[in-house]
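All heavy atoms count here, side chains included; hydrogens, waters and symmetry mates do not. Whatever order the structure lists ligands and atoms in, that order sets their numbers, starting from 1. For this chain, numbers begin at 1 and follow the sequence in order.
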Amino acid sequence: MKKIAAITAAALCTIACCKGTQEPQNTTIAKLQAATEAGKYMYAHQDDLCYGHAWKYEEGRSDVKDVCGDYPAIVGFDLGGIEKCDSANLDGVGFDYMRKAAESFAAQGGIVTFSWHLRNISTGGDAWDTSKYGVVGEILPEGPLHEEFMVWLSRVADFLESVKGPDGQPIPAIFRPWHENVANFFWWCNAHCPDDQFKALWAMTYEYMVTERGLTNLVWAYSPNYGITEEEYMSTYPGDEYVDILGLDAYHFGPAEGFIAKLDQHLTYLERLAQEHGKLAALTETGMEGIKEPAWWTEILDKAIGSHKICYALTWRNAWDRPDHFYGPWVGAECEEDFRAFHDLDNTLFLKDIQ
Ligand code: BMA
């Protein structure tokens with residue numbers, strides 16, 4: 001085990017003082033900060049507790065645990081569908097199952113994170129429906145769909161409020177809305193709305209959740225996609241008062257050397273920006289679909305992260321119903337052995353290391 005010690009309140013202040021050091025979110029920020037200070041990063045996996053490669057809904061099961069004997073330190077869930085009161089999210093994970101999985105994981109000392117692939121309220125399409133320019137403007141306070149959208153947002157708040165710890169309070173969670181926005185594939189991307197409208201959307205989301213609904217348990221992650229310059233990264237930055245984590249979503253396509261070099265370039269500015277703004281930095285999504293490199297974990301991902309100070313790296317989901325759509329390890333995968341070596345590295349943290 002490679003335990004990290006919880007960081008002192010004084011050190012935490014440099015990260016969290018903008019929000020006041022007493023808020024419940026700070027227990028999570030403290031763990032993430034402690035990892036950063038120790039030069040280590042947490043391993044995170046999307047949907048890890050709900051399903052895996054060729055299985056679904058087996059309580060306590062996790063592809064990661066099957067392979068290395070420990071759970072990830074962080075697990076991700078997606079709220080897409082909650083806005084319309086669906087009983088399951090866009091990938092078929094029931095919200096009741098999700099709530100129980102998140103509560104049980106947090107009770108064991110793990111950290112949870114939520115993203116939101118929500119539908120397009122203006123067209124009725126999905127998150128990827130970019131057929132109409134300016135939908136963000138339509139849901140801002142002056143827009144025609146504002147009231148309708150606030151009902152959608154209230155359903156997210158209701159869910160996050162309902163995920164509780166043993167003390168009856170909502171558990172701390174990393175909330176990562178409006179992700180991969182410096183691109184063109186989601187309706188909220190900068191190709192489909194002016195930058196100031198994106199910033200207003202973020203501020204509106206934050207004000208509603210935190211000020212109006214009192215959800216002070218949330219740790220806010222801003223996470224543009226990669227393939228962008230520092231200037232582009234900051235062009236839609238909502239502002240220090242609304243963000244705790246400077247994230248980056250970066251997938252591996254093409255030759256390994258290219259990915260390693262490109263990630264190094266992005267993490268260099270991300271790490272510096274995080275220091276300058278008093279924030280944490282994280283690789284909020286990464287992975288290689290179908291992990292075609294047997295030593296991807298130790299020779300590519302860990303090499304690409306190098307000595308950059310990030311607090312976690314999250315690989316995307318292992319779909320139970322699409323055999324080639326996986327980004328994490330599973331028993332029988334070619335990268336299985338290498339994942340165990342990745343788990344054993346000094347600088348990677350799993351659940352047992354942060355409990
Ligand atoms: C994408 C894919 C989709 C999925 C979406 C939301 O990257 O994994 O199959 O629906 O994420 O989880």
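- The structure places CG of Leu301 at 6.0 Å from CZ of Phe259, a figure rounded to the nearest 0.5 Å.
- Those atoms of ligand 1 with a heavy atom of Arg322 less than 4.0 angstrom away are 9 (O).
- Atom 5 (C) of ligand 1 has its closest protein heavy atom at Trp128 CH2, 3.9 Å.
- In terms of protein heavy-atom proximity, atom 7 (O) of ligand 1 is nearest to Trp316 NE1, 3.3 Å.
- Within the structure, ligand 1 lacks Asp78 among the residues with a heavy atom less than 4.0 angstrom away.
- Annotation for ligand 1: atoms under 4.0 Å from non-hydrogen atoms of His325 are 2 (C), 8 (O), 9 (O).
- Shortest contact from atom 4 (C) of ligand 1 to any protein heavy atom: Asp91 OD1, 3.2 Å.
- The ring of Phe95 has its center closer than 6.0 angstrom to the ring center of Phe159.
- Of the charged side-chain nitrogens involved, at least one lies within less than 4.0 Å of a carboxylate oxygen, so that Arg61 and Asp66 count as a salt-bridged pair.
- Here the straight-line distance linking atom CG of Leu153 with atom CD1 of Ile139 works out to 8.5 Å at 0.5 Å rounding.
- Judged by the 6.0 Å distance and 45° axis criteria, Lys262 is positioned over the aromatic ring of Tyr226.
- Contacts of Gln46 with ligand 1, taken as heavy-atom pairs under 4.0 Å, are absent altogether.
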